[in-house]
Amino acid sequence: MNTPNNLHIYNTLTRTKEPFEPIDPDNVRLYVCGVTVYDSSHIGHAMSALVFDMVRRYLGHRGYGVTHVLNFTDVDDKIIDRAHREGVPWQSITQRYIDGYLAEMDALNVMPATVYPHASQEIDEIIGMVERLIDEEIAYESAGDVYFRVLADEDYGKLSRRRVEDQQAGGGERVSSDEQARKQHPMDFALWKAAKPGEPQWESPWGMGRPGWHIECSAMSMKYLGPQIDIHGGGSDLIFPHHENEIAQSESFSGQTPFVRYWMHNGMVQVSNDQGEIEKMSKSLGNYFAVDSFLARYSGDVLRLFVLSTLYRRPTTFSEKVIDDARKGVERFLLALRPAKADASEADEALLELAASVDERFHSAMDDDFNTPVALAALHELARALNGARDRGVGGTEFDAAQTTLQSLLAVLGFALDRPATQGSDSAEAAPFIDLLVALRGQLRADKQWALADQLRDRLAELGVTLEDGAEGTTWTI
RNA sequence: GGCGACGUAGCCAAGUGGUAAGGCACGGGUCUGCAAAACCCUGAUCACCGGUUCGAAUCCGGUCGUCGCCUCCA
């Protein structure tokens, strides 16, 4: 499968698809902006995680070694607010949501990152960077704060395509706070913030304080992956100001350009509100669907299929309908992986040819900036062919090989393919009892007691157990 | 106001110069005691207007609409 690669990645910086040429193919440096741990995660956070999990898995599949860094922002106003409200140390807030996030990612079958740095544990590196930027006169201290001097960076704005002059014109609307007064230019942003009472704080050359938001990612990326990395990912809402500022800080600090070779941004999860308007899913709008409550109703694969059914760069709208579609899609793939009929033995060369074609189309779609919708379309074709072949009594090596292709390509996309509990499964404690009821119903059917048999099936359905009568007996899933 | 993205069948969603992938739903059919599942058949000229071209959903211009960023944000 590790043929010469033709992988192209859309780079937000250049707004074009570019051939992927990593610094070191054995060590692709991938940094993804994680979450600010002040509350539980929602579907939008999961989308980002699933997208970059897919990217990481595909890179691995194509033979690259990957070092994946995912940070936790654990120093932040909202964390501080929440700690005050609950009357607990801020560390207990961050630990709670870090633990929750990691557990949810595990349930979503997201591969663990190589390193999970925390902003609060990288203070020395951050201070070192800020000192250097001050020495270079790219940053300046002001009343215990330190700001990045935007005008000192001639190509500031290149990622988000904003010009400092344009921003000045319309920038007066926001209330001019004390912070604005301490800045030399309205676009300057904080590298370090002077401590306020009751906040987490660390010693620094500028007095007690804490890091600004953007600097942590520069420091952590630099520390764990070096001054230049291959891929930096995150949600499209991070393009400005977060990633723009990361570039400014990092390139000014290291003198090396580009800081990031490929900037990748996933689209936002949107949701329809009461008025039927579409809006971004977010905590502040109160329109979010938490990952844990999603997982209480559906498998992680359902969310993964929902996410991968759209190009990662495009926004996608979350709704009951699309989730139900994804649920059915996952079910369909699982059904396609069912074994051939017990007495099947008919060969089918065409199935092998199709599997080869699907494999080829899957890879060319994925090589084209991770076009998962097209890759999935190919897999759907294979699933349909497998089901048709099974119905016709096809079995044997061709059938098995085609199934292996489907299974392994789904695994490349990160699907866990956990089967629902069925007979013989030890995961369902009710299994022996369900088997008993199914056997009883079999007796009723043999006696043509259809009404009773159907009633039994209906009642089991109400309890969440689905029966299917086939030529080789009745199967059930829960 | 500035920057950016998008508008494809009932719904979701690819395609970005040569007469529209895939999925869901609907309808018809095969199978089944019935059902479910599966399989087969069935549907769009691509927001609108104008232009470029032998040829455009695909390029250019305009109009309308939707969304994101410009403030914390995946």
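Chain identifiers are assigned alphabetically (A, B, ...) following the order of the sequence lines, protein sequences preceding nucleic acid strands; residue numbering begins at 1 within each chain. Hydrogens, waters and symmetry mates play no part in the numbers below; they use all other heavy atoms, side chains included.
Taking atom OH on Tyr38(A) and atom P on A74(B), their separation rounds to 7 Å, with Å as the unit. The CG-P distance, from Leu159(A) to C70(B), rounds to 14 Å in whole Å. Rounded to an integer number of Å, the gap from Arg445(A) CZ to U32(B) P is 12 Å. Distance Glu331(A) CD to C24(B) P: 12 Å, rounded to the nearest Å. Rounded to an integer number of Å, the gap from CG of Asp39(A) to C1' of A74(B) is 14 Å. Atom NE2 of His265(A) and atom C1' of C3(B) are 14 Å apart (whole Å). Between the P atom of G22(B) and the CG atom of Leu354(A) lies a distance of 12 Å, rounded to the nearest Å. Nucleotide C70(B) holds its C1' atom 15 Å from the CZ atom of Phe189(A), rounded to whole Å.
You'll find the ring centres of Tyr147(A) and Phe189(A) outside the 6.0 Å limit. Taking the centre of each ring, Tyr116(A) and Phe72(A) come in below the 6.0 Å mark. Aromatic ring centroids of His265(A) and His243(A) lie under 6.0 Å apart.
You'll find a donor-acceptor pair under 3.5 Å spanning the side chain of Arg457(A) and the base of C34(B), going by distance alone. For G2(B), the base has no donor-acceptor partner in the side chain of Arg163(A) [N/O atoms by modelled type, under 3.5 angstrom]. Counting atom types as modelled, Asp469(A) pairs a side-chain N or O with a base atom of C34(B) as donor and acceptor under 3.5 Å. For C24(B), its base never sits under 3.5 Å from the side chain of Lys328(A) at any donor and acceptor pair.
Within 4.0 Å of Ser309(A), counting heavy atoms only, lie sugar-phosphate atoms of the nucleic acid but no base atom. Counting any heavy atom pair closer than 4.0 Å across all strands shown, Gly44(A) reaches a base atom. Here Gly34(A) lies in heavy-atom contact (under 4.0 Å) with sugar-phosphate atoms only. Looking at heavy-atom distances under 4.0 Å, Gln270(A) makes contact with sugar-phosphate atoms alone, never a base. Residue-level contact check: Val269(A) touches the bases, meaning some heavy atom is under 4.0 Å from a base atom. Residue contacts shown for Arg441(A) include a base, since a base heavy atom lies under 4.0 Å away. Contacts of Lys321(A) with the nucleic acid, taken as non-hydrogen atoms under 4.0 Å apart, include base atoms. Glu279(A) comes within contact range of the sugar-phosphate backbone alone, with a heavy-atom separation under 4.0 Å but no base atom that close. Across all strands shown, Leu311(A) has heavy atoms under 4.0 Å from sugar-phosphate atoms exclusively, and none from any base.
Position along RNA chain B of the nearest nucleotide to Ala453(A) versus Asn266(A) favours Ala453(A) as the more 5'-ward residue. Two residues, Gly234(A) and Gly329(A), neighbour RNA chain B, and the one matched to the more 5' nucleotide by heavy-atom proximity is Gly329(A).
The phosphate of G15(B) has OP1 or OP2 within less than 4.0 Å of a side-chain N or O from Arg314(A). Lys283(A) has no side-chain polar atom (N or O) that falls below the 4.0 Å cut-off from OP1 or OP2 of A74(B). A close approach under 4.0 Å does occur between a side-chain nitrogen or oxygen of Asn371(A) and OP1 or OP2 of G15(B). Under 4.0 angstrom from either OP1 or OP2 of A74(B) there lies at least one side-chain N or O belonging to His45(A). Taking only side-chain nitrogens and oxygens, Arg161(A) never comes nearer than 4.0 Å to OP1 or OP2 of G4(B). Here Thr36(A) reaches the OP1 or OP2 of A74(B): one of its side-chain N or O atoms lies under 4.0 Å away.
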Can you give me the N/O atom pairs linking the protein to nucleotides 18-21 of chain B at distances under 3.5 Å, or say none if there are none?
none

Pairs under 3.5 Å (N/O, protein and nucleotides 38-43 of chain B):
from	atom 1	to	atom 2	distance (Å)
A38(B)	O3'	Asn387(A)	ND2	3.3
A38(B)	O2'	Asp391(A)	OD1	3.4
A38(B)	O2'	Asp391(A)	OD2	2.6
C39(B)	OP1	Arg332(A)	NH2	3.3
C39(B)	OP1	Asn387(A)	ND2	3.4
C39(B)	OP2	Arg332(A)	NH1	3.4
C39(B)	O4'	Asp391(A)	OD2	3.4

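Comparing G33(B), A37(B), G2(B) by their closest approach to the side chain of Glu468(A) singles out A37(B).
Separating the C1' atom of A21(B) from that of A57(B) is a span of 14 Å, rounded to the nearest Å. Rounded to a whole angstrom, the distance from the C1' atom of C26(B) to that of U45(B) is 22 Å. Straight-line distance between the C1' atoms of C12(B) and G7(B): roughly 14 Å, to the nearest whole Å.
Across all strands shown, G43(B) has no partner, as no Watson-Crick or G-U wobble contact with both distances under 3.5 Å is found. With a cut-off of 3.5 Å on both Watson-Crick or G-U wobble distances, the partner of C59(B) is given as G51(B). With a 3.5 Å ceiling on both atom-pair distances, the Watson-Crick or G-U wobble partner of C69(B) is G2(B). The pairing partner recorded for C64(B) is G7(B), the criterion being a Watson-Crick or G-U wobble arrangement whose two distances lie under 3.5 angstrom. As the counterpart of A38(B), U30(B) is assigned, both hydrogen-bonding distances of the Watson-Crick or G-U wobble pattern falling under 3.5 Å. The nucleotide U19(B) finds no pairing partner, because no Watson-Crick or G-U wobble arrangement with both distances shorter than 3.5 Å includes it.
Salt-bridge check for Asp469(A) with Arg441(A): passed, with a basic side-chain N closer than 4.0 Å to an acidic carboxylate O. Ionic pairing of Glu381(A) and Arg361(A) is present here: one or more N-O contacts between side-chain nitrogen and carboxylate oxygen are shorter than 4.0 angstrom.
Judged as a side chain to side chain donor-acceptor pair (under 3.5 Å), and not counting sequence neighbours, the contacts of Arg313(A) are Asp369(A). Here Glu320(A) pairs with Arg297(A) under the salt bridge (charged side-chain N to carboxylate O under 4.0 Å, His left out) rule; sequence neighbours left out.
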What do the steps show when you test Glu122(A) against His118(A) for side chain to side chain donor-acceptor pair (under 3.5 Å), and what is the final call? CA-CA 7 Å; Glu122(A) 310 290 345; His118(A) 296 36; over 6 Å; no

For Arg82(A) and Tyr97(A): C-alpha separation, side-chain torsions, deciding distance, then whether side chain to side chain donor-acceptor pair (under 3.5 Å) applies. CA-CA 12 Å; Arg82(A) 182 138 192 167; Tyr97(A) 294 113; 2.9 Å; yes

Ring pair (Phe, Tyr, Trp, His ring centres under 6.0 Å) between Phe294(A) and His42(A), worked out: CA-CA 9 Å; Phe294(A) 182 92; His42(A) 60 61; over 10 Å; no

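Remark: Arg390(A) is not positioned above the aromatic ring of Phe399(A), lacking an NZ or CZ atom under 6.0 angstrom from the ring centre and at most 45 degrees off the axis.
Sorted by first and then second residue, the side-chain hydrogen bond (donor to acceptor under 3.5 Å, both in side chains) pairs with a member in residues 323-335 of chain A read Lys321(A)-Asp325(A), Asp324(A)-Arg327(A), Asp324(A)-Lys328(A); sequence neighbours excluded. Listed by first and then second residue, the ring-ring contact (aromatic ring centres under 6.0 Å, His included) pairs that reach into residues 437-461 of chain A come to none, sequence neighbours excluded.
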